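Before any comments, here is the structure.
In each ligand, atom 1 is the first atom listed, and ligand 1 is the first ligand listed. Predicted, not measured: the structure shown is a model, and the values here were computed from it.
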Amino acid sequence: MGNAEPFWADSVGYIIYPSTFKDSNGDGVGDIPGIISKLDYLAELGVNLLWICPLFASPMDDNGYDVSDYYQINPQYGTNEDFKNLVEQAHQRGIRIIIDFVLNHTSDEHPWFQKALQDPSSKERGYYFFRKGKKEGDKLLPPNNWKGFFSTSAWKQVEGTDDFYLHIFSEKMPDVDWSNPELRQRYYEIARHYLDMGVDGFRLDALAHLAKDTSFADSPLPVDEKGFAYDPSRFSNREELYGYLDEFKREVLSHYPCLTVGEVGGGVSPEEALRYCDRENGSINMVFNFDTAWCNGAYGSIDKKQEDIRTDVIAMKDSLERWWRVCHQKADMPFYWCNHDHPRVLSQYGSVEYRAESAKALLAAGLFLYGTPFIYNGEEIGMSNVNFSKPEEFFSDVGNKNETGYLRARGYSDEQIVAYLNRCSRINARTPMQWDNVDYAGFSSVPPKTDPVNPNYKEGVNVQQQMSDPWSILNFAQYAILKRREPWVSDLIRNGTFTIVDHNHPDVLSYMHEKGDDKLILIASMRPYVTYFSFYWMPKDVILHNYGDVLLIDHVFTLRPFECFLLAI
Ligand code: GLC
């Protein structure tokens with residue numbers, strides 16, 4: 001690969017959810033020394049870039065996305081010294097670290113917000129959005145009808161006053177006002193602090209929402225029973241945001257060799273993405289969208305039955321193709337199937353019944369797509385969703401807790417809500433990492449304080465057992481990552497052409513990379529039944545395959561459940 005390539009051209013990323021990754025001190029919560037103790041494991045797996053979800057001081061209303069002190073590591077995770085040590089130790093193993101930078105909101109316990117509450121004439125008051133409520137008769141209503149992401153009004157009244165503050169997530173997470181130049185400088189100082197310490201960049205949380213429609217007019221969209229309209233356009237991808245990001249780049253990011261990946265969520269088209277991360281003029285390096293996370297209609301599927309949830313493989317291919325066509329050679333792209341906000345991909349697109357086959361097919365399909373791939377912790381051993389029986393079991397996620405209240409008020413039974421949350425909840429991805437076939441899956445020596453361990457760790461879904469099984473998901477993942485990082489493969493995937501093969505095949509995800517004489521083709525059945533796939537090339541090498549024999553007769557592959565190949569042709 002050329003010298004001019006950025007480090008992420010050759011990176012395989014790994015996402016760590018710190019509270020449930022590894023507990024080193026027996027308090028039932030994951031911590032930084034726990035992560036350090038697993039760096040050798042990660043190096044051996046072959047990943048070389050970590051995105052670690054927030055580690056800062058926080059009352060943990062939204063599991064760390066509610067930051068009360070950006071300069072202090074959350075004591076439950078360790079000390080600032082532990083964090084420096086983690087960065088150093090990772091670097092010694094050739095692993096870079098990007099941290100989760102939450103800059104759309106703080107915790108309501110952050111000193112800025114406390115000051116803003118106590119002293120309406122303080123400069124901190126101008127860091128947030130405070131507005132008067134609307135008087136209707138003797139009732140005081142929120143300033144407008146906006147609904148936030150966590151199923152409530154986006155406003156919370158300040159006790160004993162007519163004032164409300166804006167929070168598009170939980171009420172303990174007041175939004176900060178990026179139009180305030182001083183506020184922006186406070187965030188730049190924080191960014192410099194971590195970059196100077198040696199951190200390699202940021203995953204920029206909820207980035208799309210930094211600019212709001214400051215007319216704060218009501219949304220014209222239909223309202224729910226409580227009079228609230230869910231209209232993210234009022235606080236997503238708005239024009240002013242791009243100016244803030246240009247300044248962030250000019251003042252901070254351009255002075256460091258760092259990677260920035262912005263979370264832009266579900267509403268961004270590839271064309272809009274270029275405004276963020278065009279290689280020439282963009283302010284950041286890549287954006288995470290949600291398009292590949294919900295290709296089965298499960299999102300918001302409270303009214304659906306399980307049998308209605310089916311991966312739309314053609315729509316998935318359309319979307320993959322479209323992002324490539326618009327962004328190739330113009331912007332870098334990341335890829336993930338799953339993160340801490342989504343259900344486990346094995347349950348989403350794969351199958352618990354065909355755990356090994358589907359986990360391997362999804363790993364291969366994700367790793368060899370275009371862009372910088374990110375694996376979510378546990379994906380490398382085929383971890384899957386929970387199977388809870390009460391909505392309350394999901395309440396460590398404030399989003400699920402609020403949504404349950406909202407759904408109950410609309411008349412849904414607990415049975416319906418549980419079926420829905422078992423399918424869609426973020427808790428699915430947040431149960432402890434399964435390290436071993438011992439108590440609490442080797443995550444901790446005591447019962448986890450967060451969410452319980454998935455009992456399937458006793459059925460081989462754990463690192464220790466898979467390490468000693470040559471055909472395990474883990475060994476497949478390790479080999480696939482090794483191959484993905486071979487220089488000719490990284491170069492081919494980054495700089496060659498990408499084509500979807502057999503676009504209209506309803507069951508198979510298949511694509512090809514081509515550059516000069518180098519050609520790679522990936523074929524992955526996304527179904528738990530047999531399907532057929534026409535194949536017109538002469539394989540030179542079978543690089544990856546998840547079955548013991550090959551059924552190829554007269555140019556047609558018989559693909560068994562979730563059978564996948566990576567072939568050099
Ligand atoms: C992002 C995070 C999510 C969090 C939200 C609010 O979407 O990924 O976990 O709840 O922002 O910070």
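Counting heavy atoms closer than 4.0 Å to ligand 1, residue His342 contributes nothing at all. Only the side chain of Phe150 comes within 4.0 Å of ligand 1, counting heavy atoms alone; its backbone N, CA, C and O stay farther away. With a 4.0 Å cut-off on non-hydrogen atoms, His209 does not touch ligand 1 at all.
Contact atoms of ligand 1 toward His340: 2 (C), 3 (C), 8 (O), 9 (O) (distance under 4.0 Å to a heavy atom of the residue). Annotation for ligand 1: atoms under 4.0 Å from non-hydrogen atoms of Met173 are 6 (C), 12 (O). Taking every heavy atom of Arg430 and a limit of under 4.0 angstrom, the matching atoms of ligand 1 come to 9 (O). Listed by number with element, the atoms of ligand 1 under 4.0 angstrom from any heavy atom of His105 are 6 (C), 12 (O). With ligand atoms numbered from 1 in the order given, ligand 1 contributes 3 (C), 4 (C), 9 (O), 10 (O) to contacts under 4.0 Å with heavy atoms of Arg426.
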Discussion item. Is there a side-chain hydrogen bond (donor to acceptor under 3.5 Å, both in side chains) between Ser425 and Asn428? Walk through the geometry before answering.
Written reply: CA-CA 6 Å; Ser425 166; Asn428 286 304; 4.6 Å; no
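With a 4.5 Å cut-off on side-chain heavy atoms, Glu272 and Val264 do not count as touching.
Relative to the ring axis of Trp435, Lys38 places its NZ or CZ within 45° and under 6.0 Å from the centre. Cation-pi check for Arg96 over Phe7 is met; the charged atom lies under 6.0 angstrom from the ring centroid and within 45 degrees of its normal. Geometric assessment of Arg131 against the ring of Phe164 yields a negative cation-pi assignment under the 6.0 Å and 45° thresholds.
Protein heavy atom at the shortest distance from atom 10 (O) of ligand 1 is Asp62 OD2, 2.5 Å. The closest protein non-hydrogen atom to atom 8 (O) of ligand 1 is Asp341 OD2, 2.4 Å. Of the protein's non-hydrogen atoms, the one nearest atom 7 (O) of ligand 1 is Glu263 OE2, 2.8 Å. Remark: minimum distance from atom 5 (C) of ligand 1 to any protein heavy atom is reached at Phe169 CE2, 3.7 Å. Looking only at protein heavy atoms, the nearest one to atom 11 (O) of ligand 1 is Asp205 OD1, 2.9 Å.
Under the 30°/60° scheme for interplanar angles, the aromatic rings of Tyr187 and Trp112 are found to stand perpendicular.
In summary, the side chains of Asp231 and Trp146 do not present any donor paired with an acceptor at a separation below 3.5 Å, with no hydrogens or angles considered.
In this structure, Thr106 OG1 and Asp66 CG are separated by 9.0 Å, a value rounded to the nearest 0.5 Å.
Ring pair Phe129/His167: centre-to-centre distance not below 6.0 Å.
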